[in-house]
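Letters go in sequence order (proteins before strands), and every chain restarts at 1. Predicted model, so just to flag it, every value in this text is computed and none were measured.
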Number of protein chains: 4
Amino acid sequence: MPRYTGRVTGTPAHGGRPRSERARVAVLHAVDDLLVEIGYAAMTMKGIAQRAGVGRQTVYRWWSTKAEILFEASVIDAASELAPDPQDTTAEDVTAYLEAVSRFLTGSAAGAAYRALLGEAQHDPAVAGLLATTDLLGDSARPVIERAIGRGDLPAQTDVDQAVAQLVGPLFFRVVSGYRDQALSPRRLAADFLRRPPMP
Amino acid sequence: MPRYTGRVTGTPAHGGRPRSERARVAVLHAVDDLLVEIGYAAMTMKGIAQRAGVGRQTVYRWWSTKAEILFEASVIDAASELAPDPQDTTAEDVTAYLEAVSRFLTGSAAGAAYRALLGEAQHDPAVAGLLATTDLLGDSARPVIERAIGRGDLPAQTDVDQAVAQLVGPLFFRVVSGYRDQALSPRRLAADFLRRPPMP
Amino acid sequence: MPRYTGRVTGTPAHGGRPRSERARVAVLHAVDDLLVEIGYAAMTMKGIAQRAGVGRQTVYRWWSTKAEILFEASVIDAASELAPDPQDTTAEDVTAYLEAVSRFLTGSAAGAAYRALLGEAQHDPAVAGLLATTDLLGDSARPVIERAIGRGDLPAQTDVDQAVAQLVGPLFFRVVSGYRDQALSPRRLAADFLRRPPMP
Amino acid sequence: MPRYTGRVTGTPAHGGRPRSERARVAVLHAVDDLLVEIGYAAMTMKGIAQRAGVGRQTVYRWWSTKAEILFEASVIDAASELAPDPQDTTAEDVTAYLEAVSRFLTGSAAGAAYRALLGEAQHDPAVAGLLATTDLLGDSARPVIERAIGRGDLPAQTDVDQAVAQLVGPLFFRVVSGYRDQALSPRRLAADFLRRPPMP
DNA sequence: GGCTAATCGAGACGGTACGTCACGTCTTACT
DNA sequence: AGTAAGACGTGACGTACCGTCTCGATTAGCC
């Protein structure tokens with residue numbers, strides 16, 4: 001799991017000590033760990049810095065809020081969890097995707113981070129803007145829809161955005177609105193989704 | 001708008017000054033106002049007390065967190081916003097309901113409160129528990145589903161919980177995941193929902 | 001120890017429930033107990049009322065401050081502790097009195113109450129005024145001085161107030177300024193006092 | 001009046017912003033001012049911080065209680081007020097000292113601070129311990145006694161601690177027990193003290 | 001024996017200080 | 001110049017007690 005390896009800032013323009021890669025990675029790992037150990041609400045900038053063995057100022061220099069750190073630490077990497085291998089039939093393809101979504105939202109650490117940020121975004125416009133830069137679920141669902149269209153299992157004129165919402169929405173609703181435990185069956189949702197194509 | 005009129009606690013068993021209805025209503029109104037004016041995140045227990053012209057201890061005596069106050073202030077009353085008059089045909093009935101949901105989630109003050117609480121619930125189990133006591137969207141969608149079954153427009157063996165998720169989920173997903181502006185069409189969602197009845 | 005038996009207020013002018021003697025005594029005992037158990041600083045009006053099994057308003061109705069209650073509870077009765085039986089010789093008389101003072105200031109519960117109030121009086125004029133109504137040590141020392149004058153062991157023109165201060169002051173200073181443990185010898189103080197009679 | 005110039009803490013071992021001398025001095029001056037303006041009882045940690053233009057946490061970081069601040073602010077410096085220049089004769093020396101004591105206890109701001117702390121010490125062991133670190137009156141009286149012994153005006157075997165109490169006690173008693181106004185004459189007290197030496 | 005009125009215990013009321021915590025900024029010495 | 005450390009001013013946290021108020025219940029003297 002080779003994470004946090006890409007440099008974010010280039011070589012500094014002129015002079016000065018370069019940004020410490022060690023510090024950057026330590027902060028991202030600290031956020032990951034703390035999310036699991038104490039949860040998003042209990043995380044503090046101070047705690048993150050201490051856990052990372054890093055000065056407080058260093059954290060503020062590169063990130064504004066814990067949401068930003070968490071976003072960089074978890075959410076981007078999370079895209080891979082939402083990209084299962086394409087399957088031979090559309091039914092299997094869609095089912096596999098919905099299973100991935102379900103696993104992501106209920107079981108994965110990255111999913112927990114995503115839900116935490118999503119929650120914060122409901123009342124913090126800054127976080128909302130942050131999340132808006134990456135339509136995590138939408139971007140992962142779109143290829144599935146497009147493969148189905150390509151195979152002729154959905155009409156060519158399908159409104160992709162609406163189809164995405166119809167595909168992901170039911171699962172998303174159940175998890176986010178609090179009924180995490182009584183998950184819906186991805187197989188049955190996939191079948192219903194495909195039974196009759198969305199209207200153009 | 002005759003809100004906050006019901007007494008919450010009965011007459012005390014014996015002795016003691018009774019709870020001040022004035023204070024209770026003042027707090028609930030203060031929370032309503034502050035949610036609109038400064039938003040959920042900026043609301044503090046201290047600010048609520050001051051705005052209500054009430055002692056801080058008095059707030060803590062009856063509510064533990066701002067989430068609890070907001071819940072009592074907004075969410076219960078919100079149910080009415082989600083109960084449009086039944087329509088003659090199932091298509092119109094479902095469409096009217098989805099329009100109400102859309103209005104509630106994007107335009108209403110009570111809906112803003114609900115989304116704020118929903119957000120908090122993603123990382124605060126106490127708030128999650130609070131919301132679990134009232135399945136706001138589910139409870140409002142169920143009668144719509146049941147009316148459709150009664151009319152024979154959905155199969156009698158329909159899994160109601162799944163149908164609720166399929167009905168509400170797409171809209172919910174779009175709003176909560178941040179695409180509040182590019183709303184989906186309730187009419188088209190209703191049509192698709194009915195063309196593609198959930199499998200039993 | 002027949003304490004707290006006198007009525008403080010007379011019969012009311014007309015009608016009304018009379019003051020409860022039970023409540024009055026309960027409060028005074030509660031203050032006595034609490035002073036020993038938790039100390040003056042930790043005593044609160046609320047705690048006194050609860051300990052006495054009495055309403056808070058009832059306490060406030062009859063006393064303004066905890067100092068007032070403590071004064072009524074302990075200090076007045078304390079006078080008896082400072083009035084040892086007169087002795088045959090002046091030396092023995094003065095020694096016996098200083099022993100009583102020493103015991104009162106360092107060992108007695110009433111003495112602890114007195115010191116607590118004396119302390120409060122250093123920065124609370126109300127308490128200072130309260131204590132000024134009864135010159136506890138002065139009133140008890142004056143008879144001793146006067147007996148000594150009567151026996152001819154002090155000059156007839158002795159300034160009694162100054163003599164009182166010279167008699168009591170050394171012990172008082174040691175105790176109040178914090179050297180409670182290394183008490184002075186009443187016998188030696190008495191001897192010095194009499195060898196060095198105050199100048200008129 | 002070059003007060004509050006000594007550093008209390010040394011240079012930190014490594015790193016970290018050093019303690020702000022500005023904040024330290026501001027707090028000590030604020031306590032001095034507030035003692036005079038509103039009195040000890042009305043002083044609060046919050047008020048001190050505000051008056052000093054300093055964060056509340058900063059006050060707590062360096063002092064635990066207002067007593068501790070007041071002690072550092074006033075009492076140590078007070079020693080100078082209790083050290084009048086030695087006089088040629090013992091009678092004048094003792095008289096000058098008692099006059100200084102009288103002035104300190106009744107007229108000086110540092111004396112007011114000392115009495116306030118002394119009062120608090122009667123019911124707060126922590127303050128008692130604080131005051132025990134500096135025997136303000138004892139330490140100032142001892143040189144006077146020793147000079148008198150040196151001049152042969154007191155016997156060589158004099159019990160110095162007892163002599164201190166006998167010297168300072170009468171004045172102390174009058175002031176602390178509430179009769180601040182009707183002060184005793186330092187001259188007469190000095191004369192009586194020296195008329196016949198204390199017994200060894 | 002009913003009326004009047006002040007008391008009683010209880011406990012909620014609006015305030016305010018407590019001591020703690022995290023915020024985001026700053027000022028050091030060190031690398 | 002960037003870093004770890006940690007003090008800085010700010011302000012919310014939840015608790016405790018303040019002194020006041022509002023209850024229903026009680027307890028006397030008076031008609």
Practice task
Specify the separation, in whole Å, of atom CD of D:Glu21 and atom C1' of E:dT27.
Solution key: 15 Å
Completion exercise
Applying side-chain contact (heavy atoms from CB on, under 4.5 Å) to A:Ser64 and not counting sequence neighbours gives A:Glu68
Taking distance alone, no hydrogens or angles, what donor-acceptor pairs closer than 3.5 Å link side-chain atoms of residues 45-54 of chain B to residues at least two apart or in another chain?
unit_1: B:Arg51; atom_1: NH1; unit_2: B:Glu37; atom_2: OE1; d: 3.1
unit_1: B:Arg51; atom_1: NH2; unit_2: B:Glu37; atom_2: OE1; d: 3.4
unit_1: B:Arg51; atom_1: NH2; unit_2: B:Glu37; atom_2: OE2; d: 2.6

Practice task
Could you pull out all residues at least two apart from C:Arg56 that satisfy salt bridge (Lys or Arg N to Asp or Glu O under 4.0 Å)?
Solution key: none
Fill in the blank from the handout: Separation of F:dC17 atom P from C:Arg51 atom CZ, nearest Å, is 15 Å
Practice task
Would you please name every residue forming a ring-ring contact (aromatic ring centres under 6.0 Å, His included) with B:Phe71, sequence neighbours left out?
Solution key: none
Problem - Phosphate OP1/OP2 of F:dC8: any D:Trp62 side-chain N/O under 4.0 Å - result: yes
Fill in the blank from the handout: In whole angstroms, the gap separating C1' of E:dG24 from CD1 of A:Ile48 amounts to 14 Å
Exercise for the section: Spell out protein contact along nucleotides 9-16 of chain F as letters: B when the base is contacted, S when just the sugar-phosphate is, - when no protein heavy atom is under 4.0 Å; keep the 5' to 3' order. Expected result: SB-BBBBB
Exercise for the section: Measure the distance from CZ on A:Arg24 to P on F:dG2 and round it to the nearest whole Å. Expected result: 17 Å
Distance-only criterion, 3.5 Å: show the donor-acceptor pairs between side-chain atoms of residues 113-121 of chain C and protein atoms not counting sequence neighbours.
unit_1: C:Arg115; atom_1: NE; unit_2: C:Leu105; atom_2: O; d: 3.1
unit_1: C:Arg115; atom_1: NH1; unit_2: D:Gln122; atom_2: OE1; d: 3.2

Fill in the blank from the handout: D:Ile38 CD1 to E:dT16 C1', in whole Å, measures 14 Å
Exercise for the section: Flag this pair as yes if the NZ/CZ of B:Arg19 is under 6.0 angstrom from the six-membered ring centre of B:Trp62 and inside a 45 degree cone about the axis; otherwise no. Expected result: yes
Practice task
Output yes when at least one side-chain N/O atom of D:Arg17 is less than 4.0 Å from OP1 or OP2 of F:dG6, else no.
Solution key: no
